[in-house]
There are 2 protein chains.
Amino acid sequence: MKQLVFGHKNPDTDAIVAAKAYSYLLNQLGADTEAVALGEPNDETKFVLDHFSEPYPRVIAKASDEVSQVVLVDHNEHQQSVADIEDVAVSHVIDHHRIANFSTASPLYYRAEPVGCCSTIIFKEFTEHEVEVPAKLAGLMLSAIISDTLLFKSPTTTDDDIAIGKKLAEIAGVSYEEYGLEMLKAGTNLATKTAEELVTSDAKSFEMGGKTVRVDQVNTVDLSEVFAREEELRAAIAAQNSDNGYDLFLLMVTNILDSNTRLLAIGDGQDFVEKAFGKKLTDDKVDLPGVVSRKKQVVPPLEKAFA
Amino acid sequence: MKQLVFGHKNPDTDAIVAAKAYSYLLNQLGADTEAVALGEPNDETKFVLDHFSEPYPRVIAKASDEVSQVVLVDHNEHQQSVADIEDVAVSHVIDHHRIANFSTASPLYYRAEPVGCCSTIIFKEFTEHEVEVPAKLAGLMLSAIISDTLLFKSPTTTDDDIAIGKKLAEIAGVSYEEYGLEMLKAGTNLATKTAEELVTSDAKSFEMGGKTVRVDQVNTVDLSEVFAREEELRAAIAAQNSDNGYDLFLLMVTNILDSNTRLLAIGDGQDFVEKAFGKKLTDDKVDLPGVVSRKKQVVPPLEKAFA
């Protein structure tokens, strides 16, 4: 029985690569799966796929018209998944996020570890099943680890991510530092993007205390370049909130060179943001030095503040 | 930081053994954990612990007064866990059930596989971490597998359960067939139990379509012996429903020798039970030939019927 394998909506490099890697592994073990995506690759991911001459994945909007079972990578929350996730059975999940808004009717295979990148866990499964990682796939998986850990600088980075990243670089025959910086910079080409693209391309929704909180992250090498467009970004966020019913929108603008974030918070619940970070907002904004990880440094304190 | 490791409420043999086994493994890997239980061992589990001269675990009612982090084995649903589960962080889950009514604020280590017994998964972790299973612990883990799979006869049984069960029998120096039957019979000594004990000792709650459905299972070697006490059981179930707000109570009486179940259904939603099994209830009862597994043969069809 054919299964589709996919990462979250607004796919980043790990969401697309982890789907390709896990689908490859499952097929080597005898399954019939296809890696697809819930959206077009972003600039960074296009750079990665082009660099390794890997085709872009097919984009799907629905799963149930094709298959009855799916495999989720790099996410579990239903609102981050395919629109008709409730109409299909989930047979496997490989993830490195919190578990929420997820349930199944039957037992399944679920593997989550608190590591920096989903592709790190998938590499472990290759090893456990004694399946070799081809050089091209190793390059893709290395890219996912560099992307998720910001070249091992994010606090989500674990020893496993570093050790496995280095192994993958060796298999791929790539200098990870040189390639990594080039790749990250390819993802920060913000000038060519509309404000709407900036506030949607890496955005994820979270249910917190009955509110829908949308958290987007934009990586840059220059905060001031992004905030020069603040009025435009505010208008795009207001439109997102009213069009989609988000109660609160948080835009993390993260400087990947010095690992600092400036947060712009628009909507209901700014007091929860202040409570979460123990800092007052000024003109809807707050500087969060050392904060680069949505998952580890933004969502958990917010979750606590809303609880 | 000390952590408590425990299985579900109304612990069965796997819930208690898996906690002991996983706590042992985590401690070997450098953690500081204690295996505890959310209730007293049942007759089968007492037989097992006594047989291998293993102490009964300490029973806790709350976790947050002792620790801030816990490890769950053999369950994930909050209503099956410790009363104050919302006040502690879950760092690890090892389970073989569906995932529902479970969420965390942060990433965690979660490993679920659709195998017959949680201790089967834990044995794999011993192997992966190259930690030896001591003979006594092997006997306990074998007992958990025999209990959950009814000596490899339940449809939940996988090749992994059988292969690992046989390995454990070897390490423990036990003939699994002879020991297994003796152990299962020790768990079916129903004559000494009150009706209230029979309808509570292995009961679990499930949220289905907005209803609280309580499902209990009693193993026997003679159905008629149990149903001779039907009036007494009905009264005990009615009291359970009214005291605890259960909408529907299902008592599975399972003959472990011929693998058949007679189901007694008391409360609102009998029509969903009929829909789930495609059979009419007669006098609130229905015979389900070949049904022995709550998890695989009772909960999923009910879940579908209520959806």
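In what follows, every chain begins at residue 1, and chains take the letters A, B, ... in the order their sequences are listed.
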Options A:E303, A:M208, A:E113, ranked by heavy-atom pairs under 4.5 Å with chain B, top entry: A:E113
message: Out of A:A307, A:P114, A:S91, return the one with the most heavy atom pairs under 4.5 angstrom to chain B.
response: A:P114
- prompt: About how many Å separate OG of A:S103 and CD of B:E207, when rounded to the nearest 0.5 Å?
  reply: 11.5 Å
- prompt: Quick one: does A:T104's side chain have a donor or acceptor within less than 3.5 Å of a partner on B:I99's backbone?
  reply: yes
Are there over 12 heavy-atom neighbours, none belonging to [X], within less than 6.0 Å of that residue's [atom1]?
X      : atom1 : result
A:D271 : CG    : yes
B:E132 : CD    : no
B:D65  : CG    : yes
B:K304 : NZ    : no

- request: Pick whichever of B:Y110, B:Y109, B:F102, B:F206 has the most heavy-atom pairs under 4.5 Å with chain A.
  value: B:Y110
- prompt: Any idea which of B:R111, B:E86, B:E77 has the most non-hydrogen atom pairs under 4.5 angstrom with chain A?
  reply: B:R111
query: For B:E128, is it the side chain, the backbone, both, or neither that has a heavy atom closer than 4.5 Å to a heavy atom of chain A?
result: side chain
Distance-minimising heavy-atom pair for B:P300 and A:A105: CG-O, 4.0 Å
query: How about B:P107 and A:K295: do any of their side-chain heavy atoms sit closer than 4.5 Å?
result: yes
